Colleague: 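To start, I am sharing the structure in question, which I have written as structure tokens.
Numbers here simply count residues along the sequence, with the first being 1. This one's a predicted model, so the numbers in the text were calculated from it and none came from an experiment.
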Amino acid sequence: MADFTHFNEHGRAKMVDISDKKETVRRAVACTSVQMNKEVYHNIVGGKNKKGDVLAVAQVAGIMGAKQTSNIIPMCHPIPITGVDLNFRWEQRENDLYELHIEAEVKTKGSTGVEMEALTAASVTALTVYDMCKAVDKAMVIGPTYLLEKSGGKSGDFKRVKQ
């Protein structure tokens with residue numbers, strides 16, 4: 001079990017000790033999307049959703065999700081997040097489908113990265129869009145969800161190669 005960082009000498013789960021890791025500025029960007037029908041799209045952009053401003057509520061939910069990551073992902077450390085930013089972009093697809101692209105950027109200055117916080121922010125944002133629009137279209141599709149890039153820390157920088 002010595003090769004696994006999240007297990008102790010007895011093979012039981014543990015949180016990794018980061019007390020000796022260098023404090024650096026760290027940043028991560030995660031992406032996801034929500035595919036929906038034309039009616040949902042028009043309700044969102046036209047401000048006609050019965051539950052309110054979908055993107056405003058989803059943006060706040062994503063920020064809250066980033067801040068709560070350590071409460072829902074067992075081995076994540078609670079970290080001081082210094083910034084969260086969410087951006088949206090629309091794409092019209094075939095067959096009257098629309099796709100909302102969500103990009104979540106999270107920053108900190110600390111001893112561990114914010115990849116999980118960025119992924120959580122993107123995911124919670126998408127889930128909130130689904131929740132607010134499911135009365136009109138239960139067939140919405142969320143994903144894929146992925147890390148786009150990260151910087152800072154011992155493992156260095158990462159940038160996904162676009163395919």
Colleague: Would you call Asp137-Lys134 a salt bridge at under 4.0 Å N-O?
Modeller: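 Result for this pair is no, no salt bridge flagged.
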Colleague: Closest approach of Gly62 and Thr125, non-hydrogen atoms and distance?
Modeller: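 Reported closest heavy-atom pair: CA-OG1, 3.2 Å.
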Colleague: Would a distance-only check, ignoring hydrogens and angles, find a side-chain to backbone donor-acceptor pair under 3.5 Å from Thr108 to Pro80?
Modeller: yes
Colleague: Roughly how far, to the nearest 0.5 Å, is NZ of Lys154 from OG1 of Thr112?
Modeller: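 Interatomic distance, Thr112 OG1 to Lys154 NZ, rounded to 0.5 Å: 12.0 Å.
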Colleague: Should Val45 and Tyr130 be counted in the same cluster of Ile, Leu, Val, Met, Phe, Trp and Tyr side chains packed under 4.5 Å apart?
Modeller: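 Yes; Tyr130 is reachable from Val45 via cluster members.
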Colleague: If you measure from OG1 on Thr69 to CG on Leu119, what distance do you get to the nearest 0.5 Å?
Modeller: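 The OG1 atom of Thr69 sits 9.0 Å away from the CG atom of Leu119.
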Colleague: Can a donor-acceptor pair be found, under 3.5 Å and without considering hydrogens, that links the side chain of Lys50 to the backbone of Ala135?
Modeller: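 Not at all, since once roles are kept as given, no pair shorter than 3.5 Å links the two residues.
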Colleague: Which distance, rounded to the nearest 0.5 Å, do you find between the SG of Cys31 and the CG of Leu148?
Modeller: 4.5 Å
Colleague: Tell me, do Lys109 and Thr24 make a side-chain contact under 4.5 Å, heavy atoms counted?
Modeller: no
Colleague: Just by modelled atom types, is the Cys76 backbone N or O under 3.5 Å from a matching donor or acceptor in the Ser70 side chain?
Modeller: no
Colleague: Nearest 0.5 Å, please: how far is CD in Glu105 from NZ in Lys107?
Modeller: 4.5 Å
Colleague: Are the side chains of Val129 and Met36 in contact, using a 4.5 Å heavy-atom criterion?
Modeller: yes
Colleague: Can you tell me how far apart CD1 (Ile142) and CG (Leu127) are? Round to the nearest 0.5 Å.
Modeller: 4.5 Å
Colleague: Minimum heavy-atom separation for Ser155 to Lys150, with atom names?
Modeller: OG-NZ, 3.1 Å
Colleague: Does any N or O in the side chain of Arg26 come within less than 3.5 Å of the main-chain N or O of Gly110, such that one atom is a donor and the other an acceptor?
Modeller: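 Present.
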Colleague: Where is the tightest heavy-atom contact between Ala104 and Ala118, given as atom of each residue plus distance?
Modeller: CB-O, 3.6 Å
Colleague: Taking all atoms of both residues into account, what is the closest heavy-atom pair of Val54 and Cys133, and its distance?
Modeller: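 Between these two residues, the closest heavy atoms are CG2-SG, 4.0 Å.
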Colleague: Do NZ/NE/NH1/NH2 and the carboxylate oxygens of Glu149 and Arg27 come within less than 4.0 Å?
Modeller: yes
Colleague: Between the main-chain N or O of Leu147 and the side-chain N or O of Arg160, is there a donor-acceptor pair closer than 3.5 Å?
Modeller: yes
Colleague: Closest heavy-atom contact between Val106 and Val114?
Modeller: O-CG2, 3.2 Å
Colleague: Measure across His77 and Val16 and return the closest heavy-atom pair with its distance rounded to 0.1 Å.
Modeller: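 Minimum heavy-atom separation between His77 and Val16: NE2-O, 2.7 Å.
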Colleague: Tell me whether the count of non-hydrogen atoms from other residues, nucleotides or ligands lying under 6.0 Å of NZ in Lys38 goes above 12.
Modeller: no
Colleague: More than 12 heavy atoms of other residues, nucleotides or ligands under 6.0 Å from CE of Met64: is that the case?
Modeller: no
Colleague: Please check: side-chain N/O of Asp157 versus main-chain N/O of Gly152, any donor-acceptor pairing under 3.5 Å?
Modeller: yes
Colleague: Ring-plane angle category for Tyr41 and Tyr98, please: parallel below 30°, perpendicular beyond 60°, tilted otherwise.
Modeller: parallel
Colleague: To the nearest 0.5 Å, what is the distance between CG (Leu97) and CD (Glu91)?
Modeller: 11.0 Å
Colleague: Under the side chain to side chain donor-acceptor pair (under 3.5 Å) criterion, do Ser33 and Glu99 qualify, and how do the steps go?
Modeller: CA-CA 6 Å; Ser33 63; Glu99 188 165 9; 2.6 Å; yes
Colleague: Output yes when a side-chain donor or acceptor of Gln59 lies under 3.5 Å from a complementary backbone atom of Leu86, and no otherwise.
Modeller: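 Yes, because the side chain of Gln59 sits within donor-acceptor range (under 3.5 Å) of the backbone of Leu86.
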Colleague: Following the transitive rule for hydrophobic clusters with a side-chain heavy-atom cut-off under 4.5 Å over Ile, Leu, Val, Met, Phe, Trp and Tyr, establish whether Met132 and Val40 coincide in one cluster.
Modeller: yes
